[in-house]
Amino acid sequence: MPQLNTERDYYELLGVSRDAGADDIKRAFRRLARELHPDVSDAPDAEHRFREVVEAYEVLSNTERRELYDRFGHAGLRSGGFQPSAFDLGNLSDLFSAFFGDDLFGVGGRMGRARGADIAARVEVDLEEVATGTHREVPFGVAVGCSHCGGNGAEPDTPIRPCPTCGGNGRVQQVSRSVFGEFVRTGACPTCSGSGQMIEHPCEECRGSGRVIEERTLEVDIPAGIHDGQRIRLSGEGHAGAAGARAGDVYVEVHVRPDERFVREGNDVYTTVDLTITQAALGATVTVPTLEGNTELTFEAGTQSGELVVLRGRGLPVLQGFGRGNQRVLVNVVVPRRLTEEQRQLLEEFERLSGAETYEAGEGFFDKLKSAFR
């Protein structure tokens, strides 16, 4: 795991004083880990904050690292080659075992039940639907608790016995010796995979897994102003957890179909309108598309290519906020490519009658281009 981009004070992260003892630091870490672990917290920054707390504990629980940090701060740790440990966020009980040799609650017991896996789904919407918000029905296959066995994986009315290897504890300890002394490693029981139970007659419907696959459809609200690639989280709608543990989540990724009429930039939309040289010179009223349908737009005589017309509040809504962006209409004056002899003569006569005052200087092209992105 790469080191976190943080310079926050480790004592502040754990909420302890600089003279805190080892037990105080351990208690503070336990409390924060239970609060911030992604299995427990739904806060969007929970994973980032959890990793910060783990990094702080790794430093302050080690005497040498703590002394180096107290004297030289984060720079001292970096110069000493400290890198936060890589760990899996999937199981809080496993993490506590790695640090303390015990489970989430600091007592012996069965391994924590595995949370259900998350599901990824995808929907597509049009840009016009982004302007108003919409909803979609999202089909997916999901693992749910088996109704035949009640989710325990055993045929009804058949016994479930404690695992003979771990005695129903769900974990085993291995002791290894080295020149540094004895090391005790606690891990999931290989016989029962940490469940602490042995099923003699697996359920015929789910074959002992306690879960079956079910086709499900959920109606998902797509909020107005959503951006391409953003995800919507449906908490607890994912795969069922093992042995009745909490279900995972469904993450619906929203993709906005390209619209040949518009280009999106944040909450603003850009479009172009083509004017013939006569329309631009004499002025004209033309139809331009907007997210709310077509509208009539009047251009004055002498409109130049590259000019910008701003339609206030005709862009996209601010996601989970207030107000709307603007629509910016960029003028493109179309020059004829093929002329009849009569048309050529008329243009030549027009050019002969034109003078410097005919082409009055105005804002340059690049200035107009800059204005389009203000």
Side-chain angles (χ1 to χ4, degrees), residues 1-118 170-171 183-188 194 231 233 235-236 238 241-242 245-249 251:
M1 182 188 73
Q3 187 165 349
L4 295 171
N5 292 324
T6 178
E7 294 292 334
R8 287 191 61 187
D9 182 78
Y10 288 142
Y11 292 99
E12 178 187 340
L13 282 168
L14 293 183
V16 297
S17 63
R18 289 192 167 270
D19 58 355
D23 289 341
D24 294 329
I25 292 172
K26 185 175 182 178
R27 281 193 294 269
F29 173 64
R30 284 177 179 275
R31 176 179 57 81
L32 290 169
R34 293 191 191 103
E35 175 185 336
L36 297 173
H37 192 275
D39 274 1
V40 179
S41 175
D42 291 331
D45 62 342
E47 179 177 334
H48 176 73
R49 292 178 61 197
F50 181 78
R51 291 183 182 275
E52 284 185 324
V53 167
V54 171
E55 180 178 331
Y57 179 75
E58 283 190 299
V59 172
L60 300 186
S61 63
N62 182 287
T63 304
E64 293 181 1
R65 288 183 194 145
R66 182 177 180 180
E67 182 179 355
L68 188 63
Y69 174 72
D70 286 344
R71 294 183 62 187
F72 303 107
H74 291 274
L77 291 172
R78 287 193 294 268
S79 65
F82 168 69
Q83 290 287 335
S85 297
F87 58 88
D88 183 4
L89 292 178
N91 192 305
L92 182 56
S93 192
D94 285 349
L95 181 73
F96 272 57
S97 295
F99 279 106
F100 311 126
D102 57 11
D103 68 6
L104 178 61
F105 300 100
V107 296
R110 185 171 300 167
M111 291 289 288
R113 294 172 296 176
R115 170 185 176 274
D118 294 332
R171 59 177 64 194
F183 292 89
V184 179
R185 183 177 180 273
T186 302
R231 298 192 303 171
R233 178 187 180 191
S235 181
R246 185 170 76 87
D249 303 327
Y251 289 90

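The first residue of the sequence shown is numbered 1, and numbering continues consecutively from there.
Rounding to the nearest 0.5 Å gives a distance of 11.5 Å between CZ of Phe50 and CD of Glu35. Leu14 contributes atom CG, which lies 13.5 Å from atom CZ of Arg30 (distance to the nearest 0.5 angstrom). Taken to the nearest 0.5 Å, the CD atom of Glu55 stands 10.0 Å off from the CG atom of Leu60.
Under the 4.5 Å side-chain criterion, counting only non-hydrogen atoms from C-beta, Arg66 is in contact with Ile25. Between Arg18 and Asp9 the shortest side-chain heavy-atom distance falls below 4.5 Å. Contact of the Arg51 side chain with the Val54 side chain is not registered, since no non-hydrogen atoms from C-beta on lie closer than 4.5 Å.
No donor-acceptor pair closer than 3.5 Å links the side chain of Tyr10 to the backbone N or O of Tyr69. With hydrogens and angles disregarded, a donor-acceptor distance shorter than 3.5 Å links the side chain of Asp118 to the backbone of Asp249.
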Step-by-step salt bridge (charged side-chain N to carboxylate O under 4.0 Å, His left out) determination, Arg27 to Asp24:
CA-CA 5 Å; Arg27 281 193 294 269; Asp24 294 329; 2.5 Å; yes
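Every residue was checked against the ring-ring contact (aromatic ring centres under 6.0 Å, His included) condition with Tyr11, not counting sequence neighbours, and none meets it.
The two atoms that bring Gly238 and Ala247 nearest to each other are O-CB, 3.9 Å, heavy atoms only.
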